[in-house]
Amino acid sequence: MTNPTAAALIERSNRLGADPKNTNYAGGNTSAKGTATDPVTGQPVELLWVKGSGGDLGTLTEQGLAVLRLDRMRALVDVYPGVDREDEMVAAFDYCLHGKGGAAPSIDTAMHGLVDAAHVDHLHPDSGIAIATAADGEELTSTIFGEKVVWVPWRRPGFQLGLDIAEIKAANPRAVGCILGGHGITAWGDTSEQAEANSLWIIDAAASYIAQHGSADPFGGVRSGYEALPDDARRTRAAALAPTIRGIASHDKPMVGHFTDSPVVLDFLASERAPELAALGTSCPDHFLRTKVKPLILDLPATASASEQIARLHELHEEYRADYQAYYDAHATSESPAIRGADPLIVLVPGVGMFSYGANKQTARVAGEFYVNAINVMQGAEALSTYSPISDAEKFRIEYWALEEAKLQRMPKPKPHQGRIAFVTGAASGIGKAIATRLAAEGACVVVADLDLEKAQAAAAELGNTDVAIGIAANVADADAVQAALDSAVLAFGGVDLVVNNAGLSLSKPLLETTEKDWDLQHDVMAKGSFLVSKAAARVLIDQKLGGDIIYISSKNSVFAGPNNIAYSATKADQAHQVRLLAVELGEFGIRVNGINPDGVVRGSGIFASGWGANRAATYGVAEEDLGQFYANRTILKREVVPENVADAVFVLTGPELSRTTGLHIPVDSGVAAAFLR
């Protein structure tokens with residue numbers, strides 16, 4: 001049973017974290033002090049419940065709390081070795097833990113434990129950070145809040161900051177919180193309700209003051225030619241630029257992308273002061289740890305052509321990398337972790353929007369959200385004063401902090417397909433759905449493309465939220481529809497790495513009963529459809545310069561001459577040869593093209609359920625419900641083939657183990673000697 005004090009803390013945290021005006025995703029921390037019974041002594045013991053490292057306030061649960069004995073935590077003051085060795089205190093928190101389980105204590109634990117208040121909130125609201133990053137933030141704090149909020153000069157989070165805030169609270173009995181220079185806010189209260197009310201009062205008072213006293217145009221006027229493009233043109237341009245920009249962000253390691261074209265972003269990029277302010281970078285540690293110290297911003301108007309913008313982006317990328325290397329070299333010491341990559345995580349394109357990147361979709365999306373926070377902070381600071389973020393030296397101390405490096409090293413090993421984006425056609429059912437499911441389980445972001453949008457979206461929802469998979473409509477026989485589907489994939493996840501041509505259908509008829517319409521339908525969907533998808537995807541893969549995979553789900557029938565399926569087998573043979581042709585043509589770009597030849601996949605198959613199964617059963621003289629076993633009995637292994645077996649083959653072909661394999665066809669048929677490849 002959850003302790004009542006901890007339960008109230010969780011409820012307060014969830015309320016605060018649910019509103020983005022209060023704090024950003026995984027930003028800030030909250031705490032409560034109370035009493036519980038020590039199971040060893042049976043006596044009351046004072047405890048500190050505090051949000052653990054890496055957690056999110058809006059979704060915080062009991063498992064996300066670190067629980068420490070307050071007497072032991074406060075006793076650390078007596079062994080504190082000083083600010084030069086304050087990082088050692090994080091390891092000491094482990095010796096203060098009460099019970100087992102729970103989250104690891106964060107660097108901010110000292111702030112919560114040492115401040116003499118029962119309930120403490122540390123948050124990163126845009127309005128509060130605007131005051132915290134204003135050049136005259138100390139004066140503004142006094143003007144806005146009087147004696148109720150105290151200014152704390154910038155200090156890197158840690159034990160000393162906790163001591164500083166504890167001292168400030170003791171010296172200012174009327175204070176309910178403080179503004180942390182360059183960082184955020186901290187508030188406290190005797191009750192959970194009081195702490196929450198004080199936090200919200202600081203946030204709202206700062207926002208109200210900015211609204212009432214701030215200048216109307218803190219970013220200056222609008223630059224001609226840099227205004228937002230119309231909606232359709234903006235989306236088209238974003239899709240055209242996205243593969244190149246993802247390649248830029250993935251120069252050192254593959255990244256997943258997210259696109260944002262909210263009015264906040266577009267208005268900022270159209271403004272006169274956007275280049276100047278963007279160059280100053282972000283300030284709050286939670287911001288720049290996810291966005292890097294500053295973005296790459298394109299210095300061409302929206303009226304420039306896509307080719308001009310792409311060429312300039314490549315030039316700016318080289319400049320960005322050199323600048324980041326210089327930043328690292330200027331501040332690194334012999335004890336600093338190795339450079340973690342010099343590519344931008346935020347790329348800003350005036351008139352189009354913002355492209356943000358991360359190791360996975362959630363990280364990329366959150367990076368974009370944090371840069372929107374940074375824009376709001378700059379706007380608020382400039383409205384009242386001058387935006388003045390912490391120095392590059394201090395940013396480096398945070399970004400390459402040994403404790404931050406240790407946190408990164410503790411992260412679980414990535415799954416084999418993490419950072420890859422898969423586009424699977426015909427993926428709402430059968431083999432395609434099994435492939436999408438397997439790739440998502442292996443860490444890929446998946447685009448479930450299907451003729452039936454509703455079924456595609458339902459299949460995607462089964463895989464997870466939109467950070468994992470999306471469902472889109474895709475008529476593979478229509479070039480415009482295919483391009484629109486690829487554009488949707490690119491805008492959803494930044495690009496495409498792995499394409500599976502799986503969409504198909506079949507009509508089982510002898511030659512004399514096969515109509516021209518039958519022939520055209522099957523060739524349009526499978527032969528032409530695979531060609532169109534591969535062509536559109538190849539443009540993305542080539543522009544990204546990251547290599548990639550194209551997989552064709554062909555068939556045993558591409559090499560085996562079976563009865564009564566002239567149209568189906570002919571189009572499968574077409575697909576099989578496309579594999580060979582494209583493997584040769586696309587190899588110079590690092591794109592591998594391989595095929596899979598399944599047979600007898602009856603269970604869960606959309607093709608067999610649509611009439612093909614009944615026709616094949618009649619052809620072979622067996623009951624339809626026995627067709628799967630009939631196919632199995634005629635194989636060498638005598639084992640039925642199911643959709644998951646094909647998905648396994650896709651995973652192996654697109655994984656690291658076969659990185660030197662292209663132009664290959666893998667049979668997944670339990671062994672049909674007549675279909676052996678020669």
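- Checked by atom type, the side-chain pair D121/S199 shows a donor-acceptor distance below 3.5 Å.
- For Q212 and S208, the side-chain atoms include at least one donor-acceptor pair closer than 3.5 Å.
- Shown here for V366 and R290, the closest heavy-atom pair between the two residues is CG1-CD, 4.0 Å.
- Under the ring pair (Phe, Tyr, Trp, His ring centres under 6.0 Å) criterion, H124 pairs with H122, H183, not counting sequence neighbours.
- Taking both residues in full, the closest heavy atoms of E308 and L300 are given as O-CD1, 3.6 Å, listed atom of the first, atom of the second, then distance.
- At a cut-off of 3.5 Å, with distance as the only test, no side-chain donor of T133 or S283 sits close to an acceptor on the other residue.
- Residues Y371 and T291 approach most closely at N-CG2, 4.1 Å, considering heavy atoms.
- Judged purely by distance below 3.5 Å, without hydrogens or angles, the side chains of S488 and R235 pair a donor atom with an acceptor atom.
- With no hydrogens or angles considered, a side-chain donor-acceptor pair links N501 and S534 at under 3.5 Å.
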Legend entry - E369 vs N373, side-chain hydrogen bond (donor to acceptor under 3.5 Å, both in side chains): CA-CA, chis, key distance, verdict: CA-CA 6 Å; E369 292 172 2; N373 291 135; over 6 Å; no

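- Counting heavy atoms from C-beta outward, T333 and S336 have side chains that approach closer than 4.5 Å.
- The aromatic rings of F355 and F259 sit tilted, their planes meeting at an angle between 30° and 60°.
- When all heavy atoms are compared, the tightest approach of Q309 to P301 is NE2-O, 3.3 Å.
- When Y328, Y324, F288 are each tested for a ring-ring contact (aromatic ring centres under 6.0 Å, His included) with F396, only one passes: Y328.
- Side chain to side chain, S307 and S305 meet the donor-acceptor criterion of an N or O pair below 3.5 Å.
- Here the closest heavy-atom approach between residue P344 and residue H317 is recorded as CD-CD2, 3.9 Å.
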